Amino acid sequence: MHILHVVGARPNFMKVAPVHAAFRRRVGVRQSLVHTGQHYDANLSDIFFEQLGIPRPDVSLEVGSGSHAVQTAEVMIRFEKTVLELKPDLVLVYGDVNSTVAATLVCAKLGTKIAHVEAGLRSFDRTMPEEINRLVTDQLADVLLIPSEEAEVNLLREGVAKEKIHFVGNVMIDTLRSLLPQARMPQIPGLGDKFALVTLHRPSNVDEPDTLQRILHTLTTISARLQIVFPVHPRTKARIEGLGYRFENSDRIFAVPPLGYLECLALQQRATVVVTDSGGLQEETTALGTPCLTVRENTERPVTITHGTNTLVGTDMTLLLQEVGKILSGQGKGGRIPPLWDGCASERIADIALGTDVSRLRRAA
Ligand code: UD1
């Protein structure tokens, strides 16, 4: 069986790593890895391949940045040639980035079977580009591999046939569990034992100057009580520079370049609180038991709230300050590990893929 994996952006890499490894342990499987090049900076891409032990891509499409239409179209044009040439039996796509939906559209039109890892998540907010990507990908995929139970309800509501849905658990947590022993703190001179880890990159937070300015002011206020480590995504860096914003408490706020996986994991484990708009960090903090305040009005990962340590604060900065205060006074939210976030999701995926007669997968919903 020839399995082809498609990845393109940072959050895909920690998902493909354990799945590729699980298939390597099986007999009779040939694997190909395609990197679309949506993320191309060394610290958004190469470092993850190194740290996560992902083999070098067999094919690099090198699409780079662009508007959503340009990026999606470039992946489609280049990836179609790859599929025609390699003729995989099953294509695995991951998460909700533009590369995911682009590869899915190509395969659906060529009649190549698709399995979606992390299917069924919904924020119910169609202003998020990722929500559009999720909706389209799940309508077209043949095998839907879901990380949490509510995803099945979402998919059934959209008319997806029940037999296509498989509850496998969360592959991000497979990676977290296997690499936690190697997590290592980055060298940040002046950083003490207590700190907040902050990441922000959603267009809804960083592309609107007023919102970004309010968030940055609030971080300055928080930093008077708690040091802040802020790895800055390229999109966010450009927007902060565009505002001409300078942090006042530069000895309390450490704005650093994007970090590797092992460094980010160590920071999340040791942080007093994580303030973020990332989907992955909401999940990782739940797995680690670290309080997480999510600067979004909604989340496609509600299990991190019902089971985990996550609290939505939206862009209400008063609420953010209140919640940080609660955590500092020892009243932070506890949590428990969601079902099947047990480190074995990738093995379940391999079982399902190899136990399926791909040629018999139906195209019908
Ligand atoms: C993408 C995903 C988002 C994911 C995020 C993680 C989509 C729609 N969004 O958002 O779901 O949470 O990745 O980081 O797919 N840039 C660089 N270097 C790079 C890549 C990008 O400098 O290696 C800059 C470019 O200016 C680019 C901007 O970052 O225009 C945004 O990159 P893009 O891939 O469009 O989306 P992200 O915001 O990274």
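One is the number of the first residue; the rest follow in order along the sequence. None of these values were measured; they are calculated from a predicted model. Indexing begins at 1, ligand by ligand and atom by atom, following the structure's order.
Of all protein heavy atoms, the one closest to atom 5 (C) of ligand 1 is His201 NE2, 3.6 Å. Nearest protein neighbour of atom 27 (C) of ligand 1, counting heavy atoms only, is Ser65 OG, 3.3 Å. Nearest non-hydrogen protein atom to atom 7 (C) of ligand 1 is Gln38 NE2, 3.7 Å.
The local environment of CZ in Arg157 is crowded, with over 12 non-hydrogen atoms from other residues, nucleotides or ligands closer than 6.0 Å.
Partner of Ser99 under the side chain to side chain donor-acceptor pair (under 3.5 Å) criterion, out of Gln38, His39, His35: Gln38 alone. When Thr100, Asn98, Asp96 are each tested for a side chain to side chain donor-acceptor pair (under 3.5 Å) with Asn133, only one passes: Asn98.
The residue among His68, Arg202, Met128, His39 with a heavy atom at the shortest distance from atom 10 (O) of ligand 1 is His39.
Counting heavy atoms under 4.0 Å from ligand 1, residue Arg10 touches it through the side chain alone. Counting heavy atoms under 4.0 Å from ligand 1, residue Val97 touches it through both backbone and side chain. Here Ser278 has no heavy atoms under 4.0 Å from ligand 1, in either its backbone or its side chain.
Using a 30° and 60° split on the angle between ring planes, His20 and His5 fall in the tilted class, from 30° to 60°. Under the 30°/60° scheme for interplanar angles, the aromatic rings of Phe48 and Tyr261 are found to stand perpendicular.
Which parts of ligand 1 touch Gln71 is read off a 4.0 Å heavy-atom cut-off, strictly below it: atoms 34 (O), 35 (O).
For Thr311, the side-chain contact (heavy atoms from CB on, under 4.5 Å) partners at least two apart in sequence or on another chain are Leu293, Glu323, Lys333. Every residue was checked against the salt bridge (charged side-chain N to carboxylate O under 4.0 Å, His left out) condition with Arg30, not counting sequence neighbours, and none meets it.
Between Arg235 and ligand 1, at least one N/O pair is under 3.5 Å apart.
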